[in-house]
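Convention: sequence-line order gives letters A, B, ...; per-chain numbering from 1.
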There are 2 protein chains.
Amino acid sequence: MTATPSPDSRPGSRPEARREPRRATTLAERKRQLVADELTEAALQALAQKGFDAVTVDEIATAAGVSKRTFFRYFASKEDVVVQFLAGMGADIRDALAARPAAERPSQALRHAVWVPLGQCADHGERALRVVRLILRTPALHARFLERQAAWRDDLAAELAHRLGLDAGTELYPRLAAAMALDAFDAVLHRWSADGCAEDPAALTDRAFAVVAPALDARAGRDA
Amino acid sequence: MTATPSPDSRPGSRPEARREPRRATTLAERKRQLVADELTEAALQALAQKGFDAVTVDEIATAAGVSKRTFFRYFASKEDVVVQFLAGMGADIRDALAARPAAERPSQALRHAVWVPLGQCADHGERALRVVRLILRTPALHARFLERQAAWRDDLAAELAHRLGLDAGTELYPRLAAAMALDAFDAVLHRWSADGCAEDPAALTDRAFAVVAPALDARAGRDA
DNA sequence: GCCTTGTATGACACTCAATGCCATGTTGAC
DNA sequence: GTCAACATGGCATTGAGTGTCATACAAGGC
């Protein structure tokens, strides 16, 4: 029981400064990362081309040169291999928010925070676009994506409450503000994937936050 | 192929004025409804008590007096039997919004629309509370719930765009406004299920909409 | 009455996701 | 060299979900 790596260790995500005080990555760790990358690559390739339901885990694993059993040692489910592609985003948004100046208005701080992963997507271009489209088009993936986003929201809400000195247990503002920021995120992602890169993601983000900003910055929402 | 009832016919949902110009329900239809109710009842009972993963579809079907195969003729998946309990809510919200006076501010119209299902939950009391808690506690159910809610949002956005004479294809406001209204819905549901009915749902709804209202009613969001 | 048609069901077989268990191979420390 | 830790593959098993077929039952038509 103790020996199992367990998919919770999330080998697909990058190191991130969590625990482990920056020890040099051992050989075994890099090997694990290599297999994870290989699996992700094979999965995205096959899934994007043939559709989520038309590809079996066995096929993905074989294409990556491992057994089906090994696949499940790296990813908790077939959905995971796709959704984990966006794994670190939640933490990225939260960390970005924490790094913004304390005096900044919530709408500005959240806009910058949410832009971090959106900018990454925009940079990765075609590759990210294919993944996003696959997720939005496949119900099972979309459901898992939304579930993960709900976790982001709770995370963001906690950070926001801390930032503003509010009690997330009684105030509704932190949760709703986090949710609104992610609504903007979703709207941009959706429009971006639909238009096929036609509209500038940064401009889209500005437009989306212009809509939600009045609620984010209204003082009325934070005392009551 | 043509003869299959297919789970898409959603026997669990109430009649609703969709197609079928109000024909008297035939015997077979009521029989179907009876089996669906029996399955739903057996499922909610067992799932709430033993947990989602600890109950097999076979057990649910047997408890309802039918075969596993029949279960899947009524519900598309094990998650469906729970989530469909909240099936008509999306249409309810949309219809309620359509019924509000055209001059009403968006925040007020949406608050009333969202209150419809929330009020139903509050009325059903213990029963609804058990279902909501089960959904929020079970990842697989939560994911499906969020997916369904995304469909509500698109529906609501379309109605809102129509109501305000906006083009949902170019404007971001309809989608974001619908999303914010459902954020408030979620926040209320979450708080209500956590507190164990301690706080009045109606008052909670007012508080939640007080937070998002500035964005819903800001004229800036609707021209750009 | 009988016959036909449509629909609901159950039984069976099958695919595939996901997990547990065990045997084996590889790596690295001592 | 030995030993422990870990990664892997193979195998078996559970359970979700689907296709197929045979049966049963209801509603007409004659």
Side-chain angles (χ1 to χ4, degrees), chain A residues 1-9 11 23-39 43 46-47 50-83 138-141 143-144, chain B residues 1-9 11-12 23-39 43 46-47 50-62 64-83 138-141 143-144:
Chain A
M1 189 66 71
T2 65
T4 1
S6 108
D8 297 357
S9 57
R23 184 190 327 172
T25 46
T26 160
L27 175 86
E29 278 170 357
R30 266 174 297 162
K31 228 169 147 182
R32 253 191 100 72
Q33 188 61 47
L34 207 71
V35 177
D37 289 345
E38 196 70 32
L39 277 169
L47 293 176
K50 300 172 62 180
F52 187 77
D53 294 322
V55 181
T56 70
V57 173
D58 241 325
E59 288 173 335
I60 297 172
T62 303
V66 296
S67 72
K68 170 183 150 189
R69 191 66 188 83
T70 294
F71 175 94
F72 285 108
R73 287 200 180 93
Y74 281 81
F75 300 99
S77 69
K78 192 175 159 190
E79 289 93 25
D80 237 44
V81 73
V82 181
V83 174
T138 310
L141 289 175
R144 290 296 170 182
Chain B
M1 189 67 70
T2 64
T4 2
S6 109
D8 297 357
S9 57
R23 184 190 328 172
T25 47
T26 159
L27 176 87
E29 278 171 357
R30 266 173 297 162
K31 226 168 148 182
R32 249 190 104 72
Q33 187 61 48
L34 206 70
V35 177
D37 289 345
E38 196 71 31
L39 277 170
L47 293 176
K50 301 172 63 180
F52 187 77
D53 294 323
V55 181
T56 70
V57 173
D58 242 325
E59 288 173 333
I60 297 172
T62 302
V66 297
S67 72
K68 170 184 150 191
R69 192 64 188 84
T70 294
F71 175 94
F72 284 109
R73 288 198 179 95
Y74 280 81
F75 301 99
S77 70
K78 192 175 160 189
E79 289 92 26
D80 237 43
V81 74
V82 181
V83 174
T138 309
L141 288 175
R144 289 297 170 180

So, OP1 or OP2 of C:dT9: does either fall under 4.0 Å of a side-chain N or O from B:Tyr74?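 The answer is yes; a side-chain N or O of B:Tyr74 sits under 4.0 Å from OP1 or OP2.
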Between [atom2] of [N] and [atom1] of [X], the distance in whole Å:
X: B:Lys78; N: D:dG15; atom1: NZ; atom2: P; value: 9 Å
X: B:Lys31; N: C:dG6; atom1: NZ; atom2: P; value: 18 Å
X: A:Leu47; N: C:dA17; atom1: CG; atom2: P; value: 10 Å
X: A:Phe75; N: D:dT8; atom1: CZ; atom2: P; value: 12 Å
X: B:Arg30; N: D:dA26; atom1: CZ; atom2: P; value: 14 Å
X: B:Phe71; N: D:dT18; atom1: CZ; atom2: P; value: 11 Å
X: A:Arg69; N: C:dA17; atom1: CZ; atom2: P; value: 14 Å
X: A:Phe72; N: C:dT19; atom1: CZ; atom2: P; value: 7 Å

Measure from the side chain of B:Arg32, starting at C-beta and using heavy atoms only, and say which of C:dT9, D:dG17, D:dG10 lies closest.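 Nucleotide nearest to B:Arg32's side chain: C:dT9.
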Check every atom of D:dA16, D:dT8, C:dT19 against the side chain of A:Thr70 and return the nucleotide holding the closest atom.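 Closest of the options to the side chain of A:Thr70: D:dT8.
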Which residues share a side chain to side chain contact (heavy atoms under 4.5 Å, CB included) with [X], sequence neighbours left out:
X: A:Lys31; answer: none
X: A:Ala46; answer: A:Val55
X: B:Val57; answer: B:Lys68, B:Phe71, B:Phe72, B:Lys78

Going by salt bridge (charged side-chain N to carboxylate O under 4.0 Å, His left out), name the residues that satisfy it together with A:Lys50, two or more places apart in sequence or in a different chain.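 Scan of A:Lys50 (salt bridge (charged side-chain N to carboxylate O under 4.0 Å, His left out), adjacent residues dropped) gives A:Glu59.
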Tell whether B:Arg73 reaches the base of C:dG10 with its side chain through a donor-acceptor pair below 3.5 angstrom.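 Yes, the side chain and the base share a sub-3.5 Å donor-acceptor pair.
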Closest heavy-atom pair and its distance - B:Leu39, B:Ala61: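 Minimum heavy-atom contact is CD2-CA, 4.1 Å.
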Any idea which heavy atoms bring A:Val66 and A:Val35 closest together, and the distance?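 Looks like CG1-CG1, 4.2 Å.
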Taking side chain to side chain donor-acceptor pair (under 3.5 Å) as the definition, give me every residue that meets it alongside B:Thr70, ordered by chain and number, with sequence neighbours left out.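 B:Thr70 satisfies side chain to side chain donor-acceptor pair (under 3.5 Å) with B:Ser67 once adjacent residues are dropped.
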What residues from residues 55-68 of chain A pass a heavy-atom cutoff of under 4.0 Å to DNA chain D?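 Of all residues in residues 55-68 of chain A, the ones placing a heavy atom under 4.0 Å from DNA chain D are A:Gly65, A:Val66, A:Ser67.
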